[in-house]
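The shown structure was predicted, so the numbers you read here are calculated from the model rather than taken from an experiment. Just the heavy atoms: all of them, side chains too, but no hydrogens, waters or symmetry mates, feed the values below. Each chain gets a letter, A, B and so on, in the order its sequence line appears, and its residues count up from 1.
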Number of protein chains: 2
Amino acid sequence: MNIENTKAQMKKGVLEFCILSILSNGENYPSEIIEKMKTAKLIVVEGTLYPLLMRLKNDGLLSYRWEESTSGPPRKYYKLTPVGEQFLKELDITWKELVEAVNKTTNPSTPANQ
Amino acid sequence: MNIENTKAQMKKGVLEFCILSILSNGENYPSEIIEKMKTAKLIVVEGTLYPLLMRLKNDGLLSYRWEESTSGPPRKYYKLTPVGEQFLKELDITWKELVEAVNKTTNPSTPANQ
DNA sequence: TTTAGTACTATGTGATACAAGGTACTACTT
DNA sequence: AAGTAGTACCTTGTATCACATAGTACTAAA
């Protein structure tokens, strides 16, 4: 049992939310997503991101188009589908509820209401 | 892919944090923990909690004592060990960092500092 | 042709929330 | 005494996901 493992566990489910959020601001290809996550201090590696994008695409939340690159192989630019946008809204609520629930549990001295 | 599954995934790693937090305020036995979590809108079932408590105990973060009950079988009252208290402090930091990272990713228009 | 850099893909492992089922103790009823 | 309900603790099997690792393929420069 160590902090690193717990951090990894805490990230589960949250990555999905972050990726959809990033794509809601416009098209991105995987390496860009990794960069943006890193900027926000959320380290994600290829082995995590690619399967996740594949899953989101297969579930109809994302679509992509190929685009040639002048500096390497072609890139897959992903974007949200209407279903993805709807799902993102629900995830946003879910995340806020989780944060509030955790705060209630960990700060019982400062109840939110009552 | 549905919201319920994502909720379950988001809870990973967070439950550990919540349970340690609850126990930092004093001894509790499992059913009490489940009740307190439910009050905070964090539904946890026995099949999740018991293995988790066992693991935390085996890792030296928790200890317990038996106490007779007037209304059923004896109860296991859990409490934090010094190691558990230290770990909780680190988890608290980890949680705050995660919340900030997610907020940065999902609200890029309102950077926290810069 | 070789090497380096970029980009995408696939496989196997470990951790964990949960469903479902089981054991055991107490108190009340018949 | 036997049966029932309620409470409490425990175990097993499944699905999901982050990650490490390794691999494929394209471009450009040496």
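- Between A/E67 and A/E27, every side-chain heavy-atom pair lies at or beyond the 4.5 Å cut-off.
- Counting to the nearest Å, the P atom of D/dC19 and the CG atom of A/L53 are 14 Å from each other.
- Side-chain atoms of A/L53 and A/K57, non-hydrogen and from C-beta on, never get closer than 4.5 Å to each other.
- To the nearest angstrom, P of D/dA18 lies 10 Å from CG of A/L56.
- A ring-centre distance under 6.0 Å is found for A/Y29 and A/Y77.
- Side-chain nitrogen and oxygen atoms of A/K11 include at least one within less than 4.0 Å of the OP1 or OP2 phosphate oxygen of D/dC19.
- Nucleotide D/dC19 holds its P atom 13 Å from the CG atom of A/N2, rounded to whole Å.
- Residues A/K12 and A/Q9 form a side-chain contact, since some pair of their non-hydrogen atoms from C-beta on lies under 4.5 Å apart.
- An OP1 or OP2 oxygen of C/dC8 is reached within less than 4.0 angstrom by a side-chain nitrogen or oxygen of A/Y50.
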Tabulated below should be each protein N or O lying under 3.5 Å from an N or O of nucleotides 20-30 of chain C; please produce it.
residue: C/dA27; atom: OP1; partner: B/T70; partner atom: O; Å: 3.4

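- Within the 4.0 angstrom heavy-atom criterion, only backbone atoms of the sugar-phosphate kind lie near A/P30; the bases stay farther away.
- Listed candidates were D/dT11, C/dC8, D/dA8. Nearest to the side chain of A/K76 is C/dC8.
- Looking at heavy atoms from C-beta onward, A/L98 lies in side-chain contact with B/L42 at the 4.5 angstrom threshold.
- Of the two residues contacting DNA chain C, namely A/Y77 and B/V14, the nearest-nucleotide position lying further toward the 5' end is that of A/Y77.
- The nearest whole Å value for the distance from the CD1 atom in A/I34 to the P atom in D/dC19 is 11 Å.
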Kindly list each side-chain donor-acceptor pair under 3.5 angstrom involving residues 78-96 of chain B, sequence neighbours excluded, with atom names and distances?
residue: B/T81; atom: OG1; partner: B/G60; partner atom: O; Å: 2.6
residue: B/T81; atom: OG1; partner: B/L61; partner atom: O; Å: 3.2
residue: B/T81; atom: OG1; partner: B/V83; partner atom: N; Å: 3.4
residue: B/T81; atom: OG1; partner: B/G84; partner atom: N; Å: 3.0
residue: B/D92; atom: OD1; partner: B/K96; partner atom: NZ; Å: 3.4
residue: B/D92; atom: OD2; partner: B/K96; partner atom: NZ; Å: 3.1
residue: B/T94; atom: OG1; partner: B/E90; partner atom: O; Å: 2.9

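- A salt bridge links B/R55 to B/E16: one of the charged nitrogens lies within less than 4.0 Å of a carboxylate oxygen.
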Start with the C-alpha gap between A/E32 and A/R75, add the side-chain angles, then the distance that decides, and say whether salt bridge (charged side-chain N to carboxylate O under 4.0 Å, His left out) holds. CA-CA 11 Å; A/E32 283 180 322; A/R75 299 164 175 171; 5.8 Å; no
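- Using a 4.0 Å heavy-atom criterion, one finds that B/S31 contacts the sugar-phosphate atoms exclusively.
- In this structure, the NZ atom of B/K7 is 11 Å from the P atom of C/dC18, given to the nearest Å.
- Atom CD in A/E67 sits roughly 18 Å away from atom P in C/dT6 (whole-Å rounding).
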Within the sub-3.5 Å range, which N or O atoms of nucleotides 13-15 of chain C have a protein N or O partner, and how far apart are they?
residue: C/dG14; atom: N2; partner: A/K12; partner atom: NZ; Å: 3.4
residue: C/dA15; atom: O3'; partner: A/N5; partner atom: ND2; Å: 3.3
residue: C/dA15; atom: O3'; partner: A/Q9; partner atom: NE2; Å: 3.4

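- For the pair B/L15 and B/M37, the minimum side-chain heavy-atom distance is below 4.5 Å.
- One atom, CD1 of A/I43, and another, C1' of D/dC19, lie 14 Å apart when rounded to the nearest Å.
- For the pair B/L49 CG and C/dA17 C1', the computed distance is 12 Å after rounding to whole Å.
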